[in-house]
Amino acid sequence: MLVDGDQNVVSSASSAEIPIHRPMTGWSEQDPADWITACEQALTVLVTANPAAMAAVRGIGLSGHMHGATLVDASDNPVRHCILWNDTRSHVEAAALDRQPEFRARTGNIVFPGFTAPKLLWVQNNEPQDFAKARYVLLPKDYLRLWLTGEHMSEMSDSAGTSWLDTARRDWDETLLAHTGLERRQMPNLVEGTDSAGVLRAELASRFGMPAGIVVAGGAGDNAASACGMGIVDGDKAFVSLGTSGVLFSANDAYRPRPETAVHTFCHALPGKWHQMGVILSATASLNWLADIASAEPADLVSELGDTLLPPGPVTFLPYLSGERTPHNDAMVRGAFAGLSGGRKEMTQAVLEGVTFALADCRDALQATGTSVNRVVAVGGGSNSPYWRKLVASVLEIPVDVPVQGDFGAALGAARLGMIAATGAEPNSVMTTPPIAQTVDPEPGLQALFAERLGKYRQFYPAIRSIFP
């Protein structure tokens with residue numbers, strides 16, 4: 001995304017395809033070389049269409065999917081494919097690390113199977129030759145930074161999702177690293193997301209029509225970057241993301257972890273700030289899964305429900321297609337339907353309700369940490385559905401704000417971080433909230449019905465848990 005000094009979007013290139021490799025059940029990997037190819041494609045589109053604007057670029061910001069284990073050797077070449085955030089192979093290693101009390105005490109979080117540390121322990125146990133080659137362990141966006149700048153650098157928001165960061169001190173913890181056979185020298189240097197974390201290499205600047213000496217900001221993990229794009233950097237502001245995964249995100253001015261709730265407590269991308277998230281692993285992924293089974297487009301399935309929010313349907317769906325994080329921390333459970341008797345319309349309604357009930361679990365988990373969510377900004381592909389927005393408002397019993405048309409997500413947040421790093425601007429003057437096009441209020445006649453069905457939904461997980469490993 002190319003943004004001018006007034007934060008207007010000049011142009012964007014957003015459709016480079018990156019394959020996911022799934023060699024075994026529960027595995028999910030990408031080739032880091034594909035990230036570079038995709039970045040080259042995107043930059044080529046931008047400089048071809050906007051040469052004058054590219055020549056005026058002053059700063060670059062980065063965002064990326066979190067937790068990915070990217071191992072590089074002494075020559076900065078990837079040792080193996082990156083193990084992604086939704087890979088669950090290391091659930092045994094995660095449980096072993098989580099039993100060490102210093103992990104929760106110092107990171108403020110459960111050691112989830114999707115986090116980076118248990119993946120390295122899995123590599124050590126199962127691929128010792130690759131583990132021995134690893135000179136650095138990088139997160140996905142930081143591997144891209146390495147290509148852009150030649151620097152081994154990271155920042156606090158992304159690093160907080162590794163299980164190696166002391167989240168209160170905002171620094172790597174050598175004791176935690178030692179539990180996975182690593183040393184501090186194998187980790188990237190840390191900065192805040194608003195700080196400079198390298199300069200664009202001269203060869204790339206020339207190739208893509210940009211001036212020399214461009215600052216590359218620390219950046220942020222995807223959810224923290226999305227929050228920056230929406231101005232959610234202070235307490236009492238929150239968003240709900242209906243993307244592949246689902247997130248209920250709240251910014252915090254203080255550090256208040258409660259790992260037993262399975263809420264993620266991470267550093268924010270701005271100095272001295274933290275954030276909390278309830279995370280579900282299959283939000284729009286659940287709808288896309290049903291669409292694939294039904295040989296239909298997801299939007300067509302939702303349109304069959306009509307424009308008026310329906311009372312709770314007769315079918316219940318658990319959206320645990322890849323396991324679940326908040327509130328269960330269960331990598332082995334899988335999705336399920338109960339009460340099937342009709343057709344795909346009932347199943348579509350159940351999928352949307354199941355995902356939204358899972359977000360209600362996140363709301364209550366956040367509440368248990370002392371974080372109240374009183375209204376949210378809706379983002380992500382699922383939030384484009386008016387029906388789903390009404391459902392979220394009525395189940396969570398809070399207003400849902402819908403931004404004016406535009407990209408207020410991670411790309412804009414990354415650009416804002418790049419702007420601050422390049423200009424030294426005061427963060428709050430840059431991290432403003434987007435204009436709101438519409439506020440969706442709960443349907444008063446349906447709130448009690450959804451609250452009753454939520455209670456029944458919560459009985460489903462313990463009832464079926466014993467049938468899974």
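The first residue of the sequence shown is numbered 1, and numbering continues consecutively from there. Note that the coordinates shown come from a computational prediction; the quantities given were computed from them, not determined experimentally.
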Item to check | Greater than 12 external heavy atoms within 6.0 Å of Gln100's CD | outcome: yes
Next on the checklist: Looking at Trp122, I'd like to know if the NZ or CZ of Arg89 sits under 6.0 Å from its six-membered ring centre while staying within 45 degrees of the ring's axis.
Outcome noted: yes
Checklist entry - Do His328 and Arg465 pass the side chain to side chain donor-acceptor pair (under 3.5 Å) test, and can you show the C-alpha distance, the side-chain angles, and the key distance before you say yes or no? => result CA-CA 11 Å; His328 301 304; Arg465 183 59 193 85; over 6 Å; no
Checklist entry - Between Phe103 and His179, what is the ring plane arrangement, given parallel below 30°, perpendicular above 60°, and tilted in between? => result tilted
Checklist entry - Angle class for the Phe249/His268 ring planes (parallel below 30°, perpendicular above 60°, tilted otherwise)? => result perpendicular
Next on the checklist: So that I can tick it off, tell me whether Arg135 and Asp76 are bridged by a salt bridge, with the cut-off set at under 4.0 angstrom between side-chain N and carboxylate O.
Outcome noted: no
Checklist entry - Hey, do the aromatic rings of His65 and Trp35 have their centres closer than 6.0 Å? => result yes
Checklist entry - Minimum heavy-atom separation for Asn109 to Val263, with atom names? => result OD1-O, 3.5 Å
Next on the checklist: Quick check against the 3.5 Å criterion: does Thr326 have a side-chain atom that pairs as donor or acceptor with the backbone of Val279?
Outcome noted: yes
Checklist entry - Using the ring of each side chain (for Trp, its six-membered ring), is Tyr320 parallel, tilted or perpendicular to Tyr461, with breaks at 30° and 60°? => result perpendicular
Checklist entry - Can you check salt bridge (Lys or Arg N to Asp or Glu O under 4.0 Å) on Glu155 and Arg170, steps first, answer last? => result CA-CA 9 Å; Glu155 47 70 47; Arg170 303 171 87 94; over 6 Å; no
Next on the checklist: Testing the basics here: between Ala336 and Ile464, what is the closest heavy-atom pair and its distance to 0.1 Å?
Outcome noted: CB-CD1, 3.9 Å
Item to check | Salt-bridge criterion met for Lys273 and Asp253 (N-O under 4.0 Å) | outcome: yes
Item to check | Intermediate values then yes/no, side-chain contact (heavy atoms from CB on, under 4.5 Å), Leu84 and Cys82 | outcome: CA-CA 6 Å; Leu84 298 181; Cys82 173; 4.0 Å; yes
Checklist entry - Less than 6.0 Å separating the ring centroids of Phe115 and Phe112? => result yes
Checklist entry - Are Glu29 and Arg80 within salt-bridge range, i.e. N to O under 4.0 Å? => result yes
Item to check | Geometric class of the Trp172/Trp164 ring pair [parallel <30°, tilted 30-60°, perpendicular >60°] | outcome: perpendicular
Item to check | Results of side chain to side chain contact (heavy atoms under 4.5 Å, CB included) for Ala414 - residues two or more places apart only | outcome: Ser63
Next on the checklist: As an exercise, state the distance from CG of Leu204 to CE of Met210, rounded to the nearest 0.5 Å.
Outcome noted: 7.5 Å
Next on the checklist: A quick test of your reading: do over 12 heavy atoms of other residues, nucleotides or ligands sit less than 6.0 Å from CZ of Arg334?
Outcome noted: yes
Checklist entry - Going by an N to O cut-off under 4.0 Å, is there a salt bridge joining Asp166 and Arg106? => result no
Item to check | Evaluation steps, side-chain contact (heavy atoms from CB on, under 4.5 Å), between Asn86 and Leu281 | outcome: CA-CA 7 Å; Asn86 56 349; Leu281 294 180; 5.6 Å; no
Item to check | Over all atoms of both residues, closest heavy-atom pair of Thr369 and Leu366 | outcome: OG1-O, 2.7 Å
Next on the checklist: Salt bridge check, Glu151 against Arg201: does any charged N sit closer than 4.0 Å to a carboxylate O?
Outcome noted: no
Item to check | Glu17 CD: over 12 foreign heavy atoms closer than 6.0 Å | outcome: no
Checklist entry - Which atom names give the shortest non-hydrogen contact between Ser90 and Pro113, and what distance separates them? => result OG-O, 3.0 Å
Checklist entry - At what distance, to the nearest 0.5 angstrom, does NE2 of His67 lie from CH2 of Trp85? => result 8.5 Å
Next on the checklist: Test side chain to side chain donor-acceptor pair (under 3.5 Å) on Asp142 and Ser154; report intermediate values, then the result.
Outcome noted: CA-CA 6 Å; Asp142 300 321; Ser154 191; 2.6 Å; yes
Next on the checklist: Please check: side-chain N/O of Asp173 versus main-chain N/O of Leu176, any donor-acceptor pairing under 3.5 Å?
Outcome noted: yes
Checklist entry - Can you tell me how far OG of Ser157 sits from CG of Leu139, rounded to the nearest 0.5 angstrom? => result 9.5 Å
Item to check | Sidechain N-carboxylate O distance under 4.0 Å for Arg207, Glu40 | outcome: yes
Checklist entry - To the nearest 0.5 Å, how far apart are CG in Asn50 and OG in Ser11? => result 4.0 Å
